[in-house]
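All residue numbers in this chain count up from 1 along the given sequence.
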Amino acid sequence: MKLKEALDEIRPADRKSMEEAKQRWKTVGKPLFSLGKLEDAVIRMAGIKGTSSYTLEKKALVILCADNGVVEEGVTQTGQEVTAIVTENFTRNAASVCMMAEVAGADVFPVDIGVARDVAHVTRQEYKVAYGTKNMTREPAMTREEAERAILTGIRIVQELADRGYDIIATGEMGIGNTTTSSAVVSVLLGRDPEDVTGRGAGLTTAGLRRKLDAIRRAVRVNGPDPEDALDVMAKVGGLDIAGLTGIFLGGAICHIPVVIDGFISSAAALCAARMAPAAVDHMMPSHRSGEPAGGMVLETLGLSPFIDCRMSLGEGSGSVAVLPLLEMGLEVYRKMGTFDEIRVEQYEELK
């Protein structure tokens, strides 16, 4: 499948199913709208799935792993080798998000889309686009063709999970230096100064933050990404993990599967997907407000409100899996609680 063909398949959420879900909530034997955002989430997912009757039995966390050439500029606290180490840890249940996913009942799928070396038990050549990106302060991070291939890889992964019966996908990422690439992408797409959207990532010093800001400004100046072309922005100042996650969001829209946005890197990919196919936003679910400066900014641009705000900045998909139990709780009440008639309670009236 070519990218344009994939984008042409994306349609808005089904409004009829959303209205049916909304009406069902009004009959559930509890005070109207008393579960707030959880009710909205159930309605939103009905629109995504095209039915007001559904379950979330099979849950997946897809973690896109890739290295970034911009690490050469001293924009991170740790070395590039950490990407491969943590990627392998995902397979040994030795990463923070693995413990969280186990509690949430989500299966973990790490994907090597661009790690600088092959990773045992993870690397599959059909998914791997390149061995990391180039240093974007000197040249484009990747070619346009590589960015497109990464996006198509993300779409393919969603299609494969859909065929295996997964009902919802949480997004995650791993890649030393990817808050730098995400800040660059968001800066260009939102037309904001890098200082407005760039944080300290995984614990940068003030001097390190200055190097990070300088690297982003040089990358934008050298490459001149087109803010009207998200694919161009990803290729020039982005990362393979961002491009792959963009494909995950687009794939969710194609396959009618809710895809949960994690933190800042994931939201940068969601923004790219929205710029490529505006209707794709209908198929995205927020999770938390990232601790990065632009975490809330990007969600607001997408018209999404986070469910939780725990000041998390771990990445890996930690925020997206943290919200899965909340979504299930709301759906459980929606599906199983008796109506006002069934529990013999006078129905609440909607106040005007």
Side-chain angles (χ1 to χ4, degrees), residues 41 44 56 59-66 83 86-87 90 95-111 113 154 157-158 161 166 168-183 185-186 197 199 201-202 238-253 257-274 280-281 283-302 304-327:
R44 187 177 185 88
L56 297 177
K59 302 172 285 293
L61 166 63
V62 180
I63 308 173
L64 276 292
C65 308
T83 300
V86 177
T87 298
F90 292 137
S96 302
V97 77
C98 295
M99 290 76 169
M100 298 176 72
E102 187 172 357
V103 173
D107 298 325
V108 180
F109 296 95
V111 178
I113 197 166
I157 289 168
V158 174
L161 291 172
Y166 281 90
I168 189 167
I169 296 173
T171 56
E173 41 61 41
M174 178 60 215
I176 299 303
N178 62 7
T179 59
T180 302
T181 54
S182 298
S183 294
V185 167
V186 170
V197 299
L240 288 160
D241 50 355
I242 297 173
L245 285 169
T246 299
I248 298 291
F249 288 113
L250 295 173
I257 295 177
V259 179
V260 185
I261 301 170
D262 182 36
F264 179 49
I265 292 98
S266 177
S267 70
L271 180 62
C272 289
V281 178
H283 306 267
M284 301 174 188
M285 302 294 294
S287 63
H288 73 125
R289 186 183 301 275
S290 166
E292 285 291 300
M297 187 187 304
V298 176
L299 289 179
E300 289 167 11
T301 299
L302 293 170
L304 300 173
S305 176
F307 291 104
I308 56 179
D309 189 349
C310 299
R311 293 183 290 175
M312 295 166 62
S313 56
L314 172 63
E316 301 181 3
S318 52
S320 58
V321 295
V323 84
L324 291 179
L326 283 176
L327 300 180

Any chance you could measure [X], atom [atom1], to [Y], atom [atom2], to the nearest 0.5 Å?
{"X": "Leu240", "Y": "Thr246", "atom1": "CG", "atom2": "OG1", "answer": "11.0 Å"}
{"X": "Ser266", "Y": "Ile63", "atom1": "OG", "atom2": "CD1", "answer": "11.5 Å"}
{"X": "Leu61", "Y": "Met100", "atom1": "CG", "atom2": "CE", "answer": "10.0 Å"}
{"X": "Ile168", "Y": "Leu161", "atom1": "CD1", "atom2": "CG", "answer": "12.5 Å"}
{"X": "Glu173", "Y": "Ile248", "atom1": "CD", "atom2": "CD1", "answer": "12.5 Å"}

inquiry  = side chain to side chain contact (heavy atoms under 4.5 Å, CB included), that's the test. Do Lys59 and Leu327 meet it? Break it down for me.
reply    = CA-CA 11 Å; Lys59 302 172 285 293; Leu327 300 180; over 6 Å; no

Give me the atom names and distance for the closest heavy-atom approach of [X] to [Y].
{"X": "Gly317", "Y": "Asp262", "answer": "N-OD2, 3.1 Å"}
{"X": "Ser287", "Y": "Gly319", "answer": "CB-O, 3.4 Å"}
{"X": "Met174", "Y": "Ile176", "answer": "CE-CD1, 3.8 Å"}
{"X": "Ser183", "Y": "Phe264", "answer": "OG-CE2, 3.4 Å"}
{"X": "Pro306", "Y": "Pro286", "answer": "CA-CB, 4.2 Å"}
{"X": "Ser96", "Y": "Glu316", "answer": "N-OE1, 3.9 Å"}

inquiry  = Is there a side chain to side chain contact (heavy atoms under 4.5 Å, CB included) between Leu314 and Val97? Walk through the geometry before answering.
reply    = CA-CA 9 Å; Leu314 172 63; Val97 77; 5.5 Å; no

Counting N and O atoms only, with roles assigned by atom type, does the side chain of [X] sit under 3.5 Å from a partner on the main chain of [Y], one being a donor and the other an acceptor?
{"X": "Ser267", "Y": "Gly295", "answer": "no"}
{"X": "Thr181", "Y": "Asn178", "answer": "yes"}
{"X": "Thr171", "Y": "Val260", "answer": "yes"}

ask   = Leu302 versus Ile261: any side-chain heavy-atom pair under 4.5 Å?
value = yes

request  = If a pair satisfies salt bridge (charged side-chain N to carboxylate O under 4.0 Å, His left out) and one of its residues is in residues 286-299, list it, with sequence neighbours excluded.
outcome  = Arg289-Glu300, Arg289-Asp309

Qualifying residues under side-chain hydrogen bond (donor to acceptor under 3.5 Å, both in side chains), relative to Ser182, sequence neighbours excluded = none

query = Looking at Val62, Ile113, Ile169, which hits side-chain contact (heavy atoms from CB on, under 4.5 Å) with Ile157?
reply = Val62

